[in-house]
Enquirer: 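Can you keep this structure in mind? I'll have questions shortly.
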Amino acid sequence: MAESLLGPAELRRLADELDVSPTKKWGQNFLLDANTVRRIVRVADVAKQRVVEVGPGLGSLTLGLTEVGCDVVAIEIDPRLAARLRQTVVERQPDARLEVLHADAMTVRELPFEPQALVANLPYNVSVPVLIHLFETFPTITRALVMVQAEVGHRIAAKPGSKIYGTPSVKAAWWGTWAVEAEVSRQVFWPVPNVDSVLVGFRPGELPGDDELRRKTFAVVDAAFGQRRKMLRGALSGIFGSSEAASAAIAAADVDPTLRGESLTLEPFIQIAKQIGGKKD
């Protein structure tokens with residue numbers, strides 16, 4: 001089956017044909033190695049599912065997903081790549097089920113189907129915003145495996161008390177549990193990035209509330225980590241009007257107002273958010 005995927009020579013020929021050079025503007029680093037592609041697909045464990053892919057580029061990972069029977073909708077911002085992707089896939093896999101959207105993933109509100117999974121080599125410069133947008137917009141996603149910059153992946157999966165625990169860690173936890181599932185060599189990319197990459201994966205949990213509560217919770221999280229050296233009573237004073245009012249609201253949520261955001265799991269942030277505008281249990 002090796003011929004159904006792109007190798008380094010085929011990928012470079014395709015790039016030459018399209019006059020494409022990877023750009024920093026769109027965070028492009030193209031996968032060169034078919035073994036790595038199949039490893040990602042194997043770890044994702046999404047065979048025959050409905051998958052959304054962001055930033056398919058020249059099609060390396062897309063081919064890996066269609067090879068195992070996935071229905072794929074690929075969202076590509078580069079017009080040249082979006083225009084060529086279907087042809088690239090069908091030339092190697094005539095029966096592949098693929099839809100291509102030429103769009104910025106941050107603006108996509110509808111897809112041809114309800115996706116079950118997200119599998120992507122995410123552009124490093126927008127990886128966290130894209131993740132949050134897709135989870136907000138497509139609640140049917142129950143599995144994700146994304147390749148991101150190692151620093152970002154470890155931050156998403158971080159636990160309270162860690163120096164790298166922060167806004168991405170708490171917000172991502174709203175939808176479930178995240179973990180770094182594998183490391184990826186920088187040598188399998190073109191161009192070779194100056195950072196390491198990891199595969200960070202998601203498994204769903206029970207959603208802790210509705211969209212209104214999520215927005216309030218995320219506002220509390222943003223405030224807490226926007227001034228992470230401050231105690232909660234100071235960091236949240238802008239939300240509640242004063243440090244005294246913040247202290248009272250935080251205490252009503254059964255949280256110590258002298259703690260800092262980095263010590264809290266998602267649940268205390270939710271309880272504090274419920275104090276905004278009188279939203280109680």
Side-chain angles (χ1 to χ4, degrees), residues 1 4-6 11 26-77 81-82 85-86 88-89 92-93 96-101 103 105-106 108 111-124 126-150 152-153 156-157 172 175-185 188-189 197-204:
M1 288 195 302
S4 72
L5 301 189
L6 291 171
L11 189 141
W26 288 329
Q28 292 171 327
N29 295 92
F30 299 138
L31 269 171
L32 288 169
D33 183 61
N35 289 330
T36 299
V37 169
R38 288 202 173 98
R39 178 185 175 216
I40 293 169
V41 173
R42 184 173 62 252
V43 173
D45 191 23
V46 293
K48 299 184 179 180
Q49 293 189 25
R50 299 183 302 275
V51 177
V52 58
E53 181 190 7
V54 176
L58 292 165
S60 297
L61 182 55
T62 312
L63 284 160
L65 292 167
T66 54
E67 183 180 74
V68 296
C70 294
D71 291 302
V72 178
V73 56
I75 305 170
E76 176 56 59
I77 194 171
L81 298 178
L85 182 59
R86 171 173 289 282
T88 300
V89 172
R92 291 162 177 76
Q93 299 173 19
R97 296 185 296 276
L98 172 68
E99 298 285 343
V100 181
L101 293 184
M106 290 294 294
V108 171
L111 293 174
F113 53 67
E114 293 186 338
Q116 298 168 283
L118 165 66
V119 183
N121 172 19
L122 287 180
Y124 288 166
V126 294
S127 52
V128 172
V130 166
L131 274 177
I132 290 174
H133 170 72
L134 292 175
F135 275 96
E136 287 176 347
T137 309
F138 303 107
T140 55
I141 294 174
T142 57
R143 169 61 170 155
L145 186 75
V146 294
M147 185 154 47
V148 295
Q149 182 177 339
V152 173
I156 290 170
W175 289 280
T177 303
W178 294 81
V180 174
E181 299 192 18
E183 297 180 351
V184 181
S185 168
V188 300
F189 296 100
S197 300
V198 297
L199 298 174
V200 62
F202 157 85
R203 296 291 182 181

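In what follows, residues are counted from 1 in the order of the sequence shown.
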Enquirer: Between the main-chain N or O of Val148 and the side-chain N or O of Ser127, is there a donor-acceptor pair closer than 3.5 Å?
Expert: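 It does not hold such a pair.
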
Enquirer: State whether the side chain of Arg50 and the backbone N or O of Glu114 hold a donor-acceptor pair below 3.5 Å, judged by distance alone.
Expert: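 Side chain of Arg50 to backbone of Glu114, a donor-acceptor pair under 3.5 Å: yes, one is there.
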
Enquirer: Val52 versus Phe138: any side-chain heavy-atom pair under 4.5 Å?
Expert: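 Side chain of Val52 against side chain of Phe138, heavy atoms only: no contact under 4.5 Å found.
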
Enquirer: Report the C-alpha separation of Leu145 and Asp45 in whole Å, then their side-chain angles, then the decisive distance to 0.1 Å, and conclude whether the side chain to side chain contact (heavy atoms under 4.5 Å, CB included) test is met.
Expert: CA-CA 9 Å; Leu145 186 75; Asp45 191 23; over 6 Å; no

Enquirer: Hey, is the main chain of Leu63 close enough, under 3.5 Å, to the side chain of Gln93 for a donor-acceptor pair?
Expert: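 Yes, because the side chain of Gln93 sits within donor-acceptor range (under 3.5 Å) of the backbone of Leu63.
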
Enquirer: Check whether any side-chain heavy atom of Ile40 sits under 4.5 Å from a side-chain heavy atom of Leu31, and report yes or no.
Expert: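 Yes, side chains in contact.
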
Enquirer: Identify whether the distance between the nearest side-chain nitrogen and carboxylate oxygen of Arg92 and Glu67 falls below 4.0 Å.
Expert: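 Salt bridge flag = no for Glu67 with Arg92.
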
Enquirer: Is there a donor-acceptor pair closer than 3.5 Å between any side-chain N or O of Arg143 and the backbone N or O of Gln116?
Expert: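 Judged by distance alone, no pair lies under 3.5 Å.
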
Enquirer: Could you measure the distance from the CH2 atom of Trp175 to the CG atom of Leu134? Nearest 0.5 Å is fine.
Expert: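 The distance works out to 10.0 Å.
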
Enquirer: Can you check whether Thr66's main-chain N or O pairs, donor with acceptor, with Arg97's side chain at less than 3.5 Å?
Expert: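 Checked: no pair found.
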
Enquirer: Does some side-chain heavy atom of Pro115 sit less than 4.5 Å from a side-chain heavy atom of Val73?
Expert: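 Val73 does not reach Pro115 side chain to side chain.
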
Enquirer: Over all heavy atoms of both residues, which pair between Val180 and Gly153 is shortest? Give the atoms and the distance, please.
Expert: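 That closest heavy-atom pairing would be CG2-O, 3.9 Å.
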
Enquirer: Just how far is it from atom CG of Asn35 to atom CZ of Arg42, taken to the nearest 0.5 Å?
Expert: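 With rounding to 0.5 Å, CG (Asn35) is 9.0 Å from CZ (Arg42).
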
Enquirer: Identify the two heavy atoms, one from Ala105 and one from Val54, that lie closest to each other, and give their separation to 0.1 Å.
Expert: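 That would be CB-CG1, 3.7 Å.
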
Enquirer: About how many Å separate CZ of Arg38 and CG of Asp33, when rounded to the nearest 0.5 Å?
Expert: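 Interatomic distance, Asp33 CG to Arg38 CZ, rounded to 0.5 Å: 10.0 Å.
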
Enquirer: For the atom pair OG1 (Thr137) and CD1 (Ile132), what is the distance rounded to the nearest 0.5 Å?
Expert: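 Spacing of OG1 (Thr137) from CD1 (Ile132) equals 11.0 Å.
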
Enquirer: Considering residues at least two apart in sequence or located in another chain, which fulfil the side-chain hydrogen bond (donor to acceptor under 3.5 Å, both in side chains) criterion with Glu136?
Expert: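 Testing Glu136 for side-chain hydrogen bond (donor to acceptor under 3.5 Å, both in side chains), a comparison that skips the adjacent residues, returns Arg214.
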
Enquirer: State, to 0.1 Å, how close Leu11 and Ser60 come at their nearest heavy-atom pair, and which atoms those are.
Expert: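 Scanning both residues, the minimum pair turns out to be CD1-OG, 3.4 Å.
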
Enquirer: Has Glu76 got a side-chain atom pairing as donor or acceptor with Gly57's backbone, closer than 3.5 angstrom?
Expert: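 Yes, Glu76 side chain to Gly57 backbone: donor-acceptor pair under 3.5 Å.
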
Enquirer: What are the two closest non-hydrogen atoms of Gly64 and Val37, and how far apart are they?
Expert: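 So the two residues come closest at CA-CG1, 3.7 Å.
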
Enquirer: Report yes if some heavy atom in the side chain of Leu61 is under 4.5 Å from a heavy atom in the side chain of Pro56; otherwise report no.
Expert: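 Side-chain contact under 4.5 Å: no.
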
Enquirer: Can you classify the ring geometry of Phe135 versus Trp178 as parallel (below 30°), tilted (30 to 60°) or perpendicular (above 60°)?
Expert: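 Ring orientation of Phe135 relative to Trp178: perpendicular.
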
Enquirer: Side chains of Ile156 and Leu131: does their closest heavy-atom pair fall under 4.5 Å?
Expert: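 Yes. Closest side-chain heavy atoms under 4.5 Å.
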
Enquirer: Within the 4.5 Å heavy-atom criterion, are Leu98 and Leu65 side-chain neighbours or not?
Expert: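 A side-chain contact is absent here, since even the closest heavy-atom pair is not under 4.5 Å.
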
Enquirer: Heavy atoms only: give me the nearest Leu118-Ile141 pair and the separation to one decimal.
Expert: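 Closest approach of Leu118 to Ile141, heavy atoms only: N-CG2, 4.1 Å.
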
Enquirer: Return the minimal non-hydrogen interatomic distance between Val200 and Ala157, and the atom names on each side.
Expert: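 Heavy atoms of Val200 and Ala157 come nearest at CG2-CB, 4.5 Å.
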
Enquirer: Hey, is the main chain of Leu199 close enough, under 3.5 Å, to the side chain of Glu181 for a donor-acceptor pair?
Expert: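 Side chain of Glu181 to backbone of Leu199, a donor-acceptor pair under 3.5 Å: no, none is there.
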
